[in-house]
Asker: 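This is the structure I have questions about; it appears just below.
Every value quoted in this text rests on a predicted model; they were computed, and no experiment measured them. Here is how names work: the chains are called A, B, and so on, in the same order as the sequence lines, proteins then strands, and each is numbered from 1.
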Amino acid sequence: MPELPEVETVVRSLAGELAGRRVVRVLLRERRLRGGVARDFSKRLEGRGITRLARRGKYLLAWLDDGAVLLVHLGMTGQLTIAPASRPDRVHDHVVITLDDGRLLTFNDARRFGRVAVVGGDALGVETGEGVDPLADAFTPDALFGLTRRRRTSVKSLLMDQRRVAGLGNIYVNEALFHAAIRPGRRAGRLGRDDCERLVASIRLVLAEAIQRGGSSISDYRDGLGRAGEFQLSHHVYDRARQPCRRCATPIRKQLHAGRSSFYCPSCQR
DNA sequence: CGCACCCCCTGCCGGC
DNA sequence: TGCCGGCAGGGGGTGC
């Protein structure tokens with residue numbers, strides 16, 4: 001599921017609900033999430049106030065009033081939702097946080113690839129990585145051009161490497177490369193400045209539209225209030241193998257790159 | 001450095 | 001109908 005637009009949508013849907021709230025109680029029902037949940041997770045959260053929400057790459061950050069940060073990564077199937085106290089228990093509800101207004105903030109994750117942790121504010125960089133956020137001002141054509149120099153890897157692999165660019169996953173890389181008319185398998189080092197200019201603009205545009213439509217709900221994704229997104233209806237290539245290109249009607253091709261499916265139009269993309 | 005493979009886990013879908 | 005293999009938006013590790 002969740003790439004930058006989905007995490008951003010969760011952040012936006014929860015920001016007003018959580019800012020100023022206090023954590024009353026934490027019920028940790030499953031510690032076997034990615035990396036394992038630390039023993040003191042609940043203790044570091046209980047009694048703390050939540051000051052504000054933010055996003056870094058695919059991480060959701062909730063700043064606490066002691067300077068620490070609750071960090072949530074949704075993995076593939078994670079959902080972080082707020083609901084009335086009357087919400088019944090569901091399968092895969094791994095963390096249930098009771099807030100001071102009685103509502104429940106719940107982390108549900110069928111596959112348990114997600115991660116929750118409380119970390120010191122100064123450890124954020126180490127925990128979340130330092131890749132440039134593609135919506136940040138620092139993500140310029142020059143910056144991307146620099147990242148690609150002397151890189152023999154594919155442009156798709158490079159863009160999905162969270163240590164370099166933080167937030168893009170399989171859906172939005174494929175969509176952005178289609179918009180920029182660049183094939184996923186192109187060697188990063190062979191991109192020209194003009195390619196990087198188009199690619200930065202395409203990434204920004206695709207992400208902005210996706211956020212506007214509330215993200216892509218392929219199957220599991222929901223925002224913080226439980227609502228599905230709609231951007232999957234606007235996909236041009238992702239999960240459209242053998243279907244006609246929306247621009248030229250050529251069948252969309254599916255191909256494996258480093259174990260992940262790539263989708264592209266062999267006519268529009270070069 | 002780059003990549004081909006593993007792993008982690010559940011759920012769903014299509015084929016037989 | 002039921003079973004089984006393959007695949008899925010995530011990341012991490014190893015060995016070549």
Side-chain angles (χ1 to χ4, degrees), chain A residues 1-11 29-37 55-60 71-80 90-95 107-117 126-131 134 147-178 184-190 203 206-207 210-211 213-223 228-242 254-263:
Chain A
M1 138 236 150
E3 305 178 30
L4 186 154
E6 288 76 30
V7 181
E8 180 68 25
T9 303
V10 172
V11 166
R29 310 166 80 172
E30 178 56 82
R31 295 186 53 214
R32 293 173 300 169
L33 306 181
R34 181 158 64 83
V37 181
R55 177 189 60 73
R56 182 182 277 203
K58 296 177 190 171
Y59 279 94
L60 176 147
L71 185 153
V72 179
H73 193 294
L74 300 172
M76 291 277 259
T77 52
Q79 298 180 7
L80 184 69
R90 301 166 304 181
V91 64
H92 306 310
D93 277 351
H94 304 314
V95 186
F107 181 73
N108 180 291
D109 185 2
R111 290 177 75 179
R112 286 194 271 123
F113 288 172
R115 178 184 180 208
V116 299
V126 178
E127 295 292 336
T128 64
E130 303 280 9
L147 283 175
T148 59
R149 289 311 86 187
R150 289 176 299 284
R151 297 296 309 279
R152 298 181 56 76
T153 193
S154 69
V155 58
K156 184 191 184 217
S157 294
L158 181 132
L159 289 173
M160 285 184 69
D161 184 343
Q162 305 296 301
R163 296 167 303 179
R164 299 190 160 81
V165 181
L168 298 175
N170 209 24
I171 294 178
Y172 297 104
V173 162
N174 278 297
E175 292 298 316
L177 285 168
F178 172 80
R186 274 265 289 276
R187 301 268 190 200
R190 302 198 59 178
I203 289 169
V206 167
L207 294 178
I211 291 168
R213 306 283 305 271
S216 301
S217 288
I218 306 293
S219 60
D220 303 277
Y221 168 70
R222 296 294 182 273
D223 75 4
E230 295 185 330
F231 191 68
Q232 70 280 4
L233 304 173
S234 300
H235 290 175
H236 282 74
V237 287
Y238 182 79
D239 209 16
R240 295 196 66 242
R242 297 181 303 281
K254 174 177 176 174
Q255 188 177 321
L256 281 188
H257 281 124
R260 312 290 299 273
S261 294
S262 292
F263 301 88

Asker: Which part of the nucleic acid does A:Arg151 contact within heavy-atom distance under 4.0 Å: base, sugar-phosphate only, or nothing?
Answerer: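 Sugar-phosphate contact only.
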Asker: Between A:Thr153 and B:dC3, is there a side-chain N or O to OP1/OP2 distance below 4.0 Å?
Answerer: yes
Asker: Using OP1 and OP2 only, check whether a side-chain N or O of A:Arg112 sits under 4.0 Å from B:dT10.
Answerer: yes
Asker: Does C:dC7 have its OP1 or OP2 closer than 4.0 Å to a side-chain nitrogen or oxygen of A:Lys254?
Answerer: no
Asker: Just how far, in rounded Å, is P of B:dC13 from CG of A:Asp239?
Answerer: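 From A:Asp239 CG to B:dC13 P: 12 Å.
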Asker: 5'-most contact on DNA chain B: A:Val91 or A:Arg34, nearest heavy atom basis?
Answerer: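 By nearest-heavy-atom nucleotide position, the 5'-most residue is A:Arg34.
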Asker: When you measure from the side-chain N and O atoms of A:Lys58 to the phosphate of C:dG9, is any distance below 4.0 Å, counting only OP1 and OP2?
Answerer: no
Asker: Could you walk me through whether A:Leu158 and A:Thr148 pass the side chain to side chain contact (heavy atoms under 4.5 Å, CB included) check?
Answerer: CA-CA 8 Å; A:Leu158 181 132; A:Thr148 59; 4.2 Å; yes
Asker: Can a donor-acceptor pair under 3.5 Å be found between the side-chain atoms of A:Arg111 and the base atoms of B:dC9?
Answerer: yes
Asker: Please give, in whole Å, the distance from C:dG12 C1' to A:Met160 CE?
Answerer: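 Interatomic distance, CE of A:Met160 to C1' of C:dG12: 14 Å.
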Asker: Starting from P on B:dC1, measure out to CZ on A:Arg152 and report it in whole angstrom.
Answerer: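 It works out to 14 Å between those atoms.
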Asker: Are A:Pro5 and A:Tyr172 close enough that some pair of their side-chain heavy atoms sits under 4.5 Å apart?
Answerer: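 Yes, side chains in contact.
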Asker: Using the P atom as the point on both nucleotides, what is the distance between B:dC6 and C:dG5, in whole Å?
Answerer: 16 Å
Asker: Check whether any side-chain nitrogen or oxygen of A:His73 sits under 4.0 Å from OP1 or OP2 of C:dG11, and answer yes or no.
Answerer: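 Yes.
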Asker: Under 4.0 Å from OP1 or OP2 of C:dG9: is there any side-chain N or O of A:Tyr238 that close?
Answerer: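 Yes.
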Asker: Nearest whole Å is fine: how far is C:dA8 P from A:Asn170 CG?
Answerer: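 That distance rounds to 8 Å.
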Asker: State whether the side chain of A:His235 and the backbone N or O of A:Arg240 hold a donor-acceptor pair below 3.5 Å, judged by distance alone.
Answerer: no
Asker: Could you check which nucleotide pairs with C:dT1 in any of the strands shown, counting Watson-Crick or G-U wobble with both distances under 3.5 Å?
Answerer: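 None - no nucleotide pairs with C:dT1, as no candidate has both distances under 3.5 Å.
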Asker: What's the CG-P distance between A:Leu158 and B:dC1, to the nearest Å?
Answerer: 12 Å
Asker: When the distance from CG of A:Asn174 to C1' of C:dG9 is rounded to whole Å, what number comes out?
Answerer: 11 Å
Asker: At their closest point, which heavy atom of A:Ile203 faces which heavy atom of A:Pro134, and how far apart are they?
Answerer: CG2-CB, 3.9 Å
Asker: Search all heavy atoms of A:Pro2 against all heavy atoms of A:Val7 and return the closest pair with its distance.
Answerer: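 Answer, listing the atom of A:Pro2 first, then A:Val7: CB-CG2, 4.2 Å.
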Asker: Return the value, rounded to whole Å, for the distance between atom CZ of A:Arg163 and atom P of C:dG13.
Answerer: 10 Å
Asker: Evaluate the side chain to side chain contact (heavy atoms under 4.5 Å, CB included) criterion for residues A:Glu175 and A:Val237: first the C-alpha distance (whole Å), next the side-chain angles of each, then the deciding distance (0.1 Å), finally the verdict.
Answerer: CA-CA 6 Å; A:Glu175 292 298 316; A:Val237 287; 3.4 Å; yes
Asker: Side-chain N or O of A:His257 less than 4.0 angstrom from OP1 or OP2 on B:dC3?
Answerer: no
Asker: What is the distance from CZ of A:Phe231 to P of C:dG9, rounded to the nearest Å?
Answerer: 16 Å
Asker: How far does the P atom of B:dC5 sit from the matching atom of C:dG6, given to the nearest Å?
Answerer: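 Those two atoms are separated by 14 Å.
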Asker: Counting any heavy atom closer than 4.0 Å, what does A:Ser261 reach on the DNA or RNA strands: base, sugar-phosphate only, or nothing?
Answerer: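 Result for A:Ser261 = sugar-phosphate.
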